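Report on one structure; see the data block that follows.
Since this is a predicted model, take the numbers as computed values, not measurements. A note on names: the letters A, B, ... follow the listed sequences, proteins ahead of strands, and every chain is numbered from 1.
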Protein chains: 2
Amino acid sequence: MSEPIEIQITEFKRACREVGLRLTHQRLAIYREVALATDHPTAEALYQRLHDTFPMMSLDTIYRTLATFVHHGFIKKVDTIESLARFEVTHKQHHHLICSRCQEIMDFQWTTIDDAPLPIETASWGRIDNKNVVVYGVCKKCLS
Amino acid sequence: MSEPIEIQITEFKRACREVGLRLTHQRLAIYREVALATDHPTAEALYQRLHDTFPMMSLDTIYRTLATFVHHGFIKKVDTIESLARFEVTHKQHHHLICSRCQEIMDFQWTTIDDAPLPIETASWGRIDNKNVVVYGVCKKCLS
DNA sequence: GTGCGTGCAAACGGTTTGCATGCTT
DNA sequence: AAGCATGCAAACCGTTTGCACGCAC
């Protein structure tokens, strides 16, 4: 799916230096956790996971760090109808399957759409940056 | 874009009767407001608009009513990265352009995507209900 | 008349913020 | 040594909930 974690971490460190962000243990740990996660975790979920190896890390730091990462484009917030914010590392173009029942989110590729031009009417709206497909349904686990 | 408001209202009344929802002034006013809105309003925004003609309507009622409407499929929550919930009446298949700067949301049609089959891998995920494209960019107003 | 829907007010929960301390640079 | 980042605790704000009254049926 994506690059090995070590390479991502190295790239992350470089990016931090580039934009002048201090490389703290917390930031490294949080980035690593988001990069390893495949489930688009919430701030709270990350807090719980990090608490084992990092008992002193506070929830505020997670929120602040996630906001910083989003601001610099290292990670992205995920589009959902939930009020809970979910995050993922910024990697290659992909789309989301969301289960209406358990809210689980899965990534999938759809290059047909990535390459398809938007309808011409959208051109007059402004500048287009990116497009993502959100698919709703019910996952196999919830169906059975 | 969509049907005349009177027809929508009539259909709404019928639907309420069908599912056994009492037809209160509040529900009618809220439905009408969402149906007339083109800007995917928040609960708060609806509250402000309704306050002129309906000074006694409370914000809680708006929240409760919106939840009821969503539950019955009369309206939909909109996918965004905001923590604010936004709503729109359920009408024909469409997609969203979102301005990263002012958060304004605009509808657009893209039948190419509506008709395109999802990649086969998604079939093993579960049951697919619907798919929507979310496009991010910066609208003309914010660009100038 | 019955009981669902509403208004009021208080609670809730995720997220943000001010301030003093600590750690990266 | 300088000042950004963190931890703590309190504030914030959108949303939900309990309760008693009122209105649609």
Round to a whole Å and report the spacing from [atom1] of [X] to [atom2] of [N].
| X | N | atom1 | atom2 | answer |
| --- | --- | --- | --- | --- |
| Leu66(B) | dT15(D) | CG | P | 9 Å |
| Leu23(A) | dA5(D) | CG | P | 11 Å |
| His25(B) | dC25(D) | NE2 | P | 9 Å |
| Leu21(A) | dC23(C) | CG | P | 19 Å |
| Arg86(A) | dG14(C) | CZ | C1' | 13 Å |
| Leu84(B) | dG14(C) | CG | C1' | 13 Å |
| Phe87(B) | dG14(D) | CZ | C1' | 11 Å |
| Leu59(B) | dC13(D) | CG | C1' | 11 Å |

Give a yes/no on whether any side-chain N or O of [X] is located under 4.0 angstrom from OP1 or OP2 of [N].
| X | N | value |
| --- | --- | --- |
| Gln26(A) | dG7(D) | yes |
| Thr24(B) | dT6(C) | yes |
| Tyr63(A) | dT15(C) | yes |

Base dG18(D) to side chain Arg64(B), donor-acceptor N/O within 3.5 Å cut-off: yes

The side chain of [X] is closest to which nucleotide in this list: [options]?
| X | options | value |
| --- | --- | --- |
| Arg27(B) | dG7(C), dT15(C), dG5(C) | dG5(C) |
| Asp60(B) | dT15(C), dT16(D), dT15(D) | dT16(D) |
| Thr61(B) | dT6(C), dG7(D), dA5(D) | dT6(C) |
| Arg22(A) | dT2(C), dC4(D), dT6(C) | dC4(D) |

Full working for side chain to side chain donor-acceptor pair (under 3.5 Å) between His95(A) and Asp107(A): CA-CA 6 Å; His95(A) 309 282; Asp107(A) 295 349; over 6 Å; no

With the side chain counted from C-beta on, respond yes when [X] and [Y] share a heavy-atom pair under 4.5 Å apart, and no when they do not.
| X | Y | result |
| --- | --- | --- |
| Phe12(A) | Leu28(A) | yes |
| Ile30(A) | Phe69(A) | yes |
| Asp114(B) | Lys131(B) | no |
| Met57(A) | His25(A) | no |
| Leu59(A) | Glu44(A) | yes |

Criterion side-chain contact (heavy atoms from CB on, under 4.5 Å) against His40(B), the qualifying member of Glu88(B), Glu104(B), Lys77(B): Glu88(B)

Sugar-phosphate only, base, or nothing, as touched by Ala67(A) at under 4.0 Å among non-hydrogen atoms: nothing

Inter-end axis angle, the helix from dG1(C)-dC25(D) to dT25(C)-dA1(D), with every axis fitted to five base pairs (rounded, 10 degrees): 40°

